[in-house]
2 protein chains.
Amino acid sequence: MLSLDEKIAGEIVMAEKPGSAMKKWRLVFKASQRDVARAMGVSPSMISDYESGRRRSPGAQFIRRFVGALLIIDEERGGEIRKRYSMVQSDAIISIGEFSEPVPGEKFLSIIGGRDISGVAPKREIFGYTIIDSIKAIVSLDPNDYLQIYGWSTERALIFTGVKYGRSPMIAVRTHMLKPAMVVYHRPQSVDNLAIKLARIEGIPLVVTDLSLDMLKKSLEDMRIK
Amino acid sequence: MLSLDEKIAGEIVMAEKPGSAMKKWRLVFKASQRDVARAMGVSPSMISDYESGRRRSPGAQFIRRFVGALLIIDEERGGEIRKRYSMVQSDAIISIGEFSEPVPGEKFLSIIGGRDISGVAPKREIFGYTIIDSIKAIVSLDPNDYLQIYGWSTERALIFTGVKYGRSPMIAVRTHMLKPAMVVYHRPQSVDNLAIKLARIEGIPLVVTDLSLDMLKKSLEDMRIK
DNA sequence: TACTAAAAGCGACAATTGTCGAGTATGATG
DNA sequence: CATCATACTCGACAATTGTCGCTTTTAGTA
């Protein structure tokens, strides 16, 4: 998932001049060199050394503390900047994660205790998952959230909870540009024939699982990058 | 902008054990320690040293080369992984970037050779910009692109090219939740009164520039983090 | 089991960072 | 213009990284 601290850290590392990127972010957070130094527990000259280029390649540990310091300073001031730079997280997304290694569709099926009802062979490998609250998704999912659903790879399983007939989720997938590797319904009340038809047309396996939501979340989290 | 290299770098830096994160990504890219070492131009034992924890805090430079090596290896093999993990980039977005430091609205105006036509004082600082092709935006901008337009901060200037009357862009801004710090029309054919009215209601400065697109892109790119 | 590729370990040494503090420059403000 | 806060410069030294090549395990397989 894209978190602000990783974003800042990544930008610092990949910048030609890490010091410049550090300066940029320090200014974004409206903090003085001293503020940051104090929050990091180091002398202000270190910050200056990097920003000026005397030191050029800060270590991972240093960067981590630097980013942490910015976020702490901001939090003490009410978290203004963090809020501004953080994406709105919709509560329609229950859980999201990327796996530490690709999981074959078949194996994924057995892990979530699912059974295919579409007859489409799960031939794509799965790199991550998103659990979505169908009801809230309809009510509150604004356009900004779509990208979040897809996390870092479209090669993922979309798992819908609170499904009544199972039509809406498949229609959403159908009209949507990005195609998941698998669609899972969690304890649906029923599954409409139209959903199955759409799954076949799209070539996306449609799967039903009866595992409890907690179990489901737990097994999926165990496979995540740690 | 969310790019894969920054994402990986950020994850490595922020991990409790950078070495484990490095290992994870190396495996995602299905490369051996030796592959990576060769692509980086260092001895394989260095990779081992980090993955095993003998060295714990790799420098920014090292991480950059490491990430670069993974991407190069992948590219030689056809770019499978990169494609899988990269988001689709809409061609409605011509250019997008974040500045190395906040730019006062007034200064930004002079840089892009713009003049205000709304009478709204540009009091917010500007952290980045997005150049959007109005025509393509209308035709092809699907919900997924909205987040991309806003990059990493809403404190940015949205620059629209190919503007005919200037109504649509402001209407989009009006109905959209996220508010840019400034809206710029690039060589509009004309500017409707409604656009100006909306700008005033929203309190967002509406600006026109006649700089060539190339010049515009160049000046903006010069201000980016390097 | 013997062979091979991949990974882990380790000793050694130069280069760089991590760290401080003191002194200097710059800039805003009373 | 005197003052305070912020930022920049720099010397110094210990700790760690950056780097190699060689050896030992480990794991997969002929």
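The chains referred to below are lettered A, B, ... by the order of the sequence lines, with proteins before strands, and numbering in each begins at 1. Computed from a predicted model, the values in this text were never measured in an experiment. Note: hydrogens, waters and symmetry copies are ignored here, and every other heavy atom, side chains too, is used.
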Interatomic distance, A:Met46 CE vs D:dC10 P [rounded to whole Å]:
17 Å
If each of A:Pro58 and B:Glu51 is mapped to the nucleotide of DNA chain C with the nearest heavy atom, which maps nearer the 5' terminus, i.e. the 5' end?
B:Glu51
Length of the CD1-P vector between A:Ile47 and C:dT19, whole Å:
10 Å
Salt bridge present between A:Lys218 and A:Asp222 (N-O < 4.0 angstrom):
yes
Given atom CZ of A:Arg55 and atom P of D:dC8, what is their separation to the nearest angstrom?
16 Å
Does the pair A:Arg115/A:Asp210 count as a salt bridge with the N-to-O cut at 4.0 Å?
yes
Look at the aromatic rings of A:Phe160 and A:Tyr185 and report parallel, tilted or perpendicular, splitting at 30° and 60°.
perpendicular
For a 4.5 angstrom cut-off between non-hydrogen side-chain atoms, does B:Leu158 reach B:Arg156?
yes
Which of C:dT17, C:dA7, D:dG18 is nearest the side chain of B:Arg65? It is D:dG18
Spacing of B:Arg38 atom CZ relative to C:dA7 atom P, expressed in whole Å:
12 Å
Have a look at B:Ser48 and say if it touches a base, only the backbone sugar-phosphate, or nothing, with a 4.0 Å heavy-atom cut-off.
base
What about the rings of B:Tyr129 and B:Phe108, do their centers lie closer together than 6.0 Å?
no
Can a donor-acceptor pair under 3.5 Å be found between the side-chain atoms of A:Ser45 and the base atoms of C:dG21?
yes
Taken to the nearest whole Å, OH/B:Tyr50 to C1'/D:dT19 is 10 Å
Among C:dT17, D:dC20, C:dA8, which is the nearest nucleotide to the side chain of A:Ser57?
C:dT17
Check: D:dG18 base within 3.5 Å donor-acceptor of B:Arg56 side chain
no
Please classify the nucleic acid contact of B:Gln61 as base, sugar-phosphate, or nothing, using heavy-atom distances under 4.0 Å.
nothing
If I take atom CZ in residue B:Phe66 and atom P in nucleotide D:dT17, what distance separates them, rounded to the nearest angstrom?
16 Å
Between A:Ser32 and B:Pro44, which is nearer to the 5' end of DNA chain D once each is assigned its nearest nucleotide?
A:Ser32
With respect to the phosphate group of C:dG9, does any side-chain polar atom (N or O) of B:Ser52 fall under 4.0 Å of OP1 or OP2?
yes
Between the base of C:dT17 and the side chain of A:Arg54, is there a donor-acceptor distance below 3.5 Å?
no
Does a nitrogen or oxygen in the side chain of B:Lys23 sit under 4.0 Å from OP1 or OP2 of C:dA8?
yes
Out of D:dT17, C:dA6, D:dA7, which has the shortest distance to the side chain of A:Arg26?
D:dA7
Side-chain contact check for A:Ser43: nearest option of D:dT17, C:dC20, D:dC8 is C:dC20
The nucleotide from C:dG9, D:dC20, C:dC20 with an atom nearest the side chain of B:Val42 is D:dC20
Spacing between A:Gln33 atom CD and C:dA25 atom C1', to the nearest angstrom:
13 Å
May I ask you to check whether over 12 heavy atoms, not counting those of B:Arg56, lie within 6.0 Å of atom CZ?
no
note: B:Met22, atom CE; C:dA8, atom P; distance rounded to Å ~ 12 Å
